[in-house]
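Structure, as structure tokens:
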Amino acid sequence: MQLDPQRTDDLDALFEHTASSPSAPIQPVAATVISMKPSATAVSVQEPFDVFQRIGSITRKLHNALQELGYDKQIENAVNSLPDARTRLDYIARLTGDAAEKVLNTVDAIQGEQDQVDKSVEKLRALLSQTGAPESPLANELSTFLDGYSASSERQRAYMTEIMLAQDFHDLTGQVIRKIVSVASNLEEQLVTLLLEATPPEKRPFVESAGLSGPVVDAQGRNDVVTNQAQVDDLLESLGF
Amino acid sequence: MSQSVDMKFLIVDDFSTMRRIVRNLLKEIGYTNADEAEDGAAALAKLKGGGFDFVVSDINMPNMNGFELLAAIKAEPALKHLPVLMVTAEAKKEDIVSAAQGGAAGYIVKPFTKATLEEKLQKIVQRSQTAQAA
């Protein structure tokens with residue numbers, strides 16, 4: 001994963017700006033930190049900018065420490081990789097969506113063809129019963145064929161329904177992908193904030209769990225979710241619905 | 001079945017794939033009259049236009065989700081008689097309970113089968129017909 005040099009520069013510039021002040025250089029600020037300990041309020045009234053300088057100084061130190069340890073690069077790597085992960089997920093969502101759509105279109109087309117052939121078969125069957133030669137070998141053969149075809153057509157329709165229903169994977173995977181993308185966006189936002197503030201990561205909760213959860217990806221060991229329609233029906237019945 | 005086949009359905013889902021699937025299934029079951037909406041807000045606008053007999057709705061949708069749509073339908077005197085069948089991937093028990101308490105006519109968890117949809121529809125249609133007759 002490539003680092004964005006622009007972003008690194010921006011962050012450095014921000015820290016520079018936060019930490020430095022035209023009126024008071026870093027060193028005197030550190031001195032003030034010690035001196036104001038006994039009476040913080042009194043000092044802050046006298047020097048309203050002092051507290052910002054202190055925060056700037058602390059941030060600077062933390063930033064430097066993180067930089068020395070290499071954590072800032074790691075965090076930055078993580079931040080930079082998130083948009084990429086999102087793009088890849090969007091790609092999956094788009095491709096699976098296109099594929100499902102194509103299958104549905106094809107199923108529609110096949111069902112249309114079946115309707116046509118079924119109509120012709122019915123017409124032929126009617127014609128066959130009208131004509132006065134039902135006992136001829138050809139008529140018998142034809143009649144058997146038409147019956148066989150109709151039975152097969154019915155099975156084909158059932159298969160088509162199965163194929164069509166299987167495309168609901170797009171809805172289900174799509175919802176999961178959307179959820180992950182939103183978690184990734186959140187994570188990214190928080191990591192950026194983290195980078196800017198140089199706050200230890202364990203103080204920042206990333207995962208947002210509010211709202212509807214979408215399809216259950218792993219129901220094992222959970223008792224707050226149902227895993228099939230029978231459980232839905234049982235639950236509703238137990239409530240008197 | 002003759003009367004119920006004329007029923008007009010509104011299919012509410014933010015995924016076009018799922019709307020198509022539900023519409024096709026309804027057609028196979030014998031209900032050919034259906035319209036679609038991509039979220040609760042669009043659905044409510046269409047429902048207020050009148051002419052619908054049945055709502056099949058997803059829950060997790062942008063703008064207005066299925067629960068909000070259900071509440072809006074039940075709060076509207078002209079619409080509250082409409083049966084609302086939830087068809088959703090939300091499998092949390094609390095979601096199922098709140099749908100039932102909110103006045104949903106049925107709850108189907110995705111992925112589902114044609115048989116499940118058919119059975120729930122029949123049950124709901126029968127129930128509403130007996131309610132009308134009584």
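Numbered from 1 within each chain, the chains take letters A, B, ... in sequence-line order.
- Taking each heavy atom of Gln229(A) and Ile108(B) in turn, the nearest pair found is OE1-CA, 3.3 Å.
- In summary, Arg20(B) and Glu101(A) engage in a salt bridge, as defined by a charged side-chain N under 4.0 Å from a carboxylate O.
- What you find for Asn60(B) and Arg178(A) is that their closest heavy atoms are O-NH2, 4.0 Å.
- For Glu154(A), the CD atom counts as loosely surrounded, since its 6.0 Å shell holds 12 or fewer non-hydrogen atoms of other residues, nucleotides or ligands.
- Both the backbone and the side chain of Thr17(B) come within less than 4.5 Å of a heavy atom in chain A.
- Applying side-chain contact (heavy atoms from CB on, under 4.5 Å) to Glu28(B) and the options Arg157(A), Met164(A), Met160(A) leaves one that passes, Met164(A).
- If you measure heavy-atom distances from Leu104(A) to chain B, the contacts under 4.5 Å come from both the backbone and the side chain.
- Here the NZ atom belonging to Lys114(B) is positioned 9.0 Å from the CG atom belonging to Leu165(A), to the nearest 0.5 angstrom.
- Heavy-atom distances place no part of Glu162(A) under 4.5 Å from chain B, backbone and side chain included.
- With a threshold of 4.5 angstrom between heavy atoms, Asp234(A) does not approach chain B through any atom at all.
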Evaluate the salt bridge (charged side-chain N to carboxylate O under 4.0 Å, His left out) criterion for residues Asp233(A) and Lys123(B): first the C-alpha distance (whole Å), next the side-chain angles of each, then the deciding distance (0.1 Å), finally the verdict. CA-CA 12 Å; Asp233(A) 296 343; Lys123(B) 210 186 247 176; 5.9 Å; no
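- Note that CE of Met18(B) is 8.5 Å distant from CD of Gln175(A), once rounded to the nearest 0.5 Å.
- Taking both residues in full, the closest heavy atoms of Phe15(B) and Asp171(A) are given as CD1-OD1, 3.1 Å, listed atom of the first, atom of the second, then distance.
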